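All remarks here apply to the structure that follows.
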Amino acid sequence: MKVLMIIPAYNEEKSIKSTVSSLKKAKLKGDTLDYIIINDGSKDYTKEVCEKEKLNYIDLPVNLGIGGAVQTGYKYALENNYDIAIQFDGDGQHDASYISNLIEEIKKGNNIVIGSRYVSDLSEFRSTALRRLGSNLLSFLIKICTGKKIYDPTSGFRAGDKEIIKLFANDYPTDYPEPDTIVTVIKKGYTVSEIPVKMQERISGKSSLSSPIKASFYMIKVSIAIIVSALSHRRGK
């Protein structure tokens with residue numbers, strides 16, 4: 001299997017080198033692991049770090065947001081004929097030791113596999129009460145709209161097969177896309193699974209949902225997106 005790690009990066013100068021280093025230590029069972037950093041118009045020295053360390057990256061001239069950056073990665077995966085694409089945050093939160101677990105779940109026939117903080121108590125990282133409440137509400141809404149329980153709908157650590165790569169390369173939401181795309185793939189009849197993973201504290205920076213006002217706005221916006229996706233996508237690929 002040819003596997004591509006898609007690493008969206010916005011102002012990750014302090015963590016991007018160690019993130020890539022962790023990928024190089026990942027142990028796979030005969031698969032080929034590559035990575036591509038999507039520098040999403042960073043205002044710090046992320047680009048300069050990539051150049052200095054000779055890291056593989058695509059430089060976006062303007063900030064497209066997480067959706068545009070990740071979709072750029074999927075387009076790259078499609079054009080270069082990768083079998084599996086895995087989203088991997090550039091801030092150090094994701095644990096590369098679980099990459100092989102995600103790949104194995106894809107090989108079992110799942111189209112998309114989510115690395116979940118909530119299907120077990122593996123993770124030493126603890127979300128805030130507000131964030132956990134929001135995740136539970138989104139999980140409940142997805143269950144109502146699709147009939148499937150997703151425990152960690154906002155996880156950005158996930159793998160997709162060739163069909164998902166093609167789907168996301170052609171159509172991917174701009175803002176906070178994880179819950180929205182989960183609804184899309186379920187409604188289209190693709191198989192979705194979750195596996196337990198550890199999450200770690202980010203090396204630098206802070207969450208874009210760090211305040212109650214931002215979190216509330218996010219919940220309203222994503223809830224509307226989930227409902228619209230559920231209504232606009234019929235069953236079947």
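The shown structure was predicted, so the numbers you read here are calculated from the model rather than taken from an experiment. Below, each value reflects all heavy atoms present in this structure, side chains not excepted, and no hydrogens, waters or symmetry copies.
Between Cys145 and Ala230, the shortest heavy-atom contact is CB-CB, 3.6 Å. Nearest approach of Ala69 to Pro8, heavy atoms of both residues: CB-CB, 4.1 Å. The minimum heavy-atom distance between Tyr151 and Ser135, with the atom names listed, is O-OG, 3.8 Å. Of all non-hydrogen atoms in Leu23 and Leu33, the two that sit nearest each other are O-CD2, 3.7 Å. Closest of all the heavy-atom pairs between Ile164 and Asn111 is CG1-O, 3.2 Å. Residues Ala159 and Leu102 share a closest heavy-atom pair of CB-CB, 4.0 Å.
Side-chain contact between Leu55 and Tyr35: present, with at least one pair of heavy atoms (C-beta onward) separated by less than 4.5 Å. Looking at heavy atoms from C-beta onward, Ile182 lies in side-chain contact with Arg158 at the 4.5 angstrom threshold. Looking at Ile6 and Tyr74, their side chains come closer than 4.5 Å, going by heavy atoms from C-beta outward. You'll find the side chain of Glu12 stays beyond 4.5 Å of the side chain of Thr19, heavy atoms only. The side-chain heavy atoms of Met5 and Ile99, taken from C-beta on, include a pair separated by under 4.5 Å. Annotation: side chain of Thr46 is not in contact with side chain of Tyr57 (no heavy-atom distance under 4.5 Å). The shortest side-chain heavy-atom distance between Ile142 and Ile226 falls under the 4.5 Å cut-off. Side-chain contact between Val20 and Glu53: absent, with no pair of heavy atoms (C-beta onward) separated by less than 4.5 Å.
The closest donor-acceptor contact from the side chain of Ser155 to the backbone of Phe157 lies under 3.5 Å. Ser139 places a side-chain N or O within 3.5 Å of a backbone atom of Ile150 that can act as its donor or acceptor partner. Under a 3.5 Å cut-off, the side chain of Lys2 and the backbone N or O of Asn80 do form a donor-acceptor pair. Side-chain atoms of Lys107 never come within 3.5 Å of backbone atoms of Met1 as a donor-acceptor pair (strictly under, hydrogens ignored).
Interatomic distance, CD1 of Ile36 versus OH of Tyr82, reported as 8.0 Å (0.5 Å rounding). Note that the NZ atom of Lys188 and the OG1 atom of Thr146 stand 14.5 Å from one another [nearest 0.5 Å]. Rounding to the nearest 0.5 angstrom, the gap separating the OG atom in Ser229 from the NZ atom in Lys187 is 10.0 Å. The distance from atom CD1 of Ile37 to atom CG of Asn56, rounded to the nearest 0.5 Å, is 7.5 Å. How far CD1 of Ile66 is from CD of Glu178: 6.5 Å, rounded to the nearest 0.5 Å. Atom CD1 of Ile7 sits about 11.5 Å away from atom CD of Gln87, to the nearest 0.5 Å.
Think of Tyr45 as one node in a network of Ile, Leu, Val, Met, Phe, Trp and Tyr side chains linked at under 4.5 Å; it has no links at all. Taking Ile, Leu, Val, Met, Phe, Trp and Tyr as hydrophobic and joining them when side-chain heavy atoms fall under 4.5 Å apart, one finds Ile144 in a cluster with Phe140.
Partners of Ser97 according to the side chain to side chain donor-acceptor pair (under 3.5 Å) rule, which considers only residues two or more places apart in sequence or in another chain, are Asp95. Applying the side chain to side chain contact (heavy atoms under 4.5 Å, CB included) criterion to Lys43, with sequence neighbours excluded, gives Tyr10, Asn11. Partners of Ile224 by side chain to side chain contact (heavy atoms under 4.5 Å, CB included), not counting sequence neighbours, listed by chain and number: Ile220, Val228. Checked against side chain to side chain donor-acceptor pair (under 3.5 Å), Glu194 has the following partners two or more places apart in sequence or in another chain: Ser116. In this structure Asp89 satisfies the side chain to side chain contact (heavy atoms under 4.5 Å, CB included) test together with Asp91, Gln93, His94, sequence neighbours excluded. In this view, Glu48 satisfies the salt bridge (Lys or Arg N to Asp or Glu O under 4.0 Å) rule with no residue, not counting sequence neighbours. Partners of Lys108 by side chain to side chain contact (heavy atoms under 4.5 Å, CB included), not counting sequence neighbours, listed by chain and number: Glu105, Asn110. Legend: residues meeting side chain to side chain donor-acceptor pair (under 3.5 Å) with Asp83, ordered by chain and number and at least two apart, are absent.
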Q) What's the verdict on side-chain contact (heavy atoms from CB on, under 4.5 Å) for Ile86 and Ile103, showing C-alpha distance, side-chain angles and the deciding distance? A) CA-CA 9 Å; Ile86 301 178; Ile103 293 172; 4.0 Å; yes
Q) Can you list the steps and then say if Leu138 with Met219 is a side-chain contact (heavy atoms from CB on, under 4.5 Å)? A) CA-CA 8 Å; Leu138 292 178; Met219 283 298 301; 3.9 Å; yes
Q | Check against side-chain contact (heavy atoms from CB on, under 4.5 Å), Leu167 and Thr181 | A | CA-CA 10 Å; Leu167 177 69; Thr181 51; over 6 Å; no
Q. For Ile38 and Leu60, what are the C-alpha separation, side-chain angles and deciding distance, and is it a side-chain contact (heavy atoms from CB on, under 4.5 Å)?
A. CA-CA 7 Å; Ile38 312 299; Leu60 301 181; 3.6 Å; yes
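For residues 59-70, the side chain to side chain donor-acceptor pair (under 3.5 Å) pairs, not counting sequence neighbours, are Asn39-Asp59, Asp40-Asn63, Lys47-Asp59. Applying the salt bridge (charged side-chain N to carboxylate O under 4.0 Å, His left out) rule to pairs touching residues 61-81 yields nothing, sequence neighbours excluded.
Atom NZ of Lys17 has 12 or fewer neighbouring heavy atoms from other residues, nucleotides or ligands inside a 6.0 Å radius.
Of the charged side-chain nitrogens involved, none lies within less than 4.0 Å of a carboxylate oxygen, so that Glu163 and Lys166 do not count as a salt-bridged pair.
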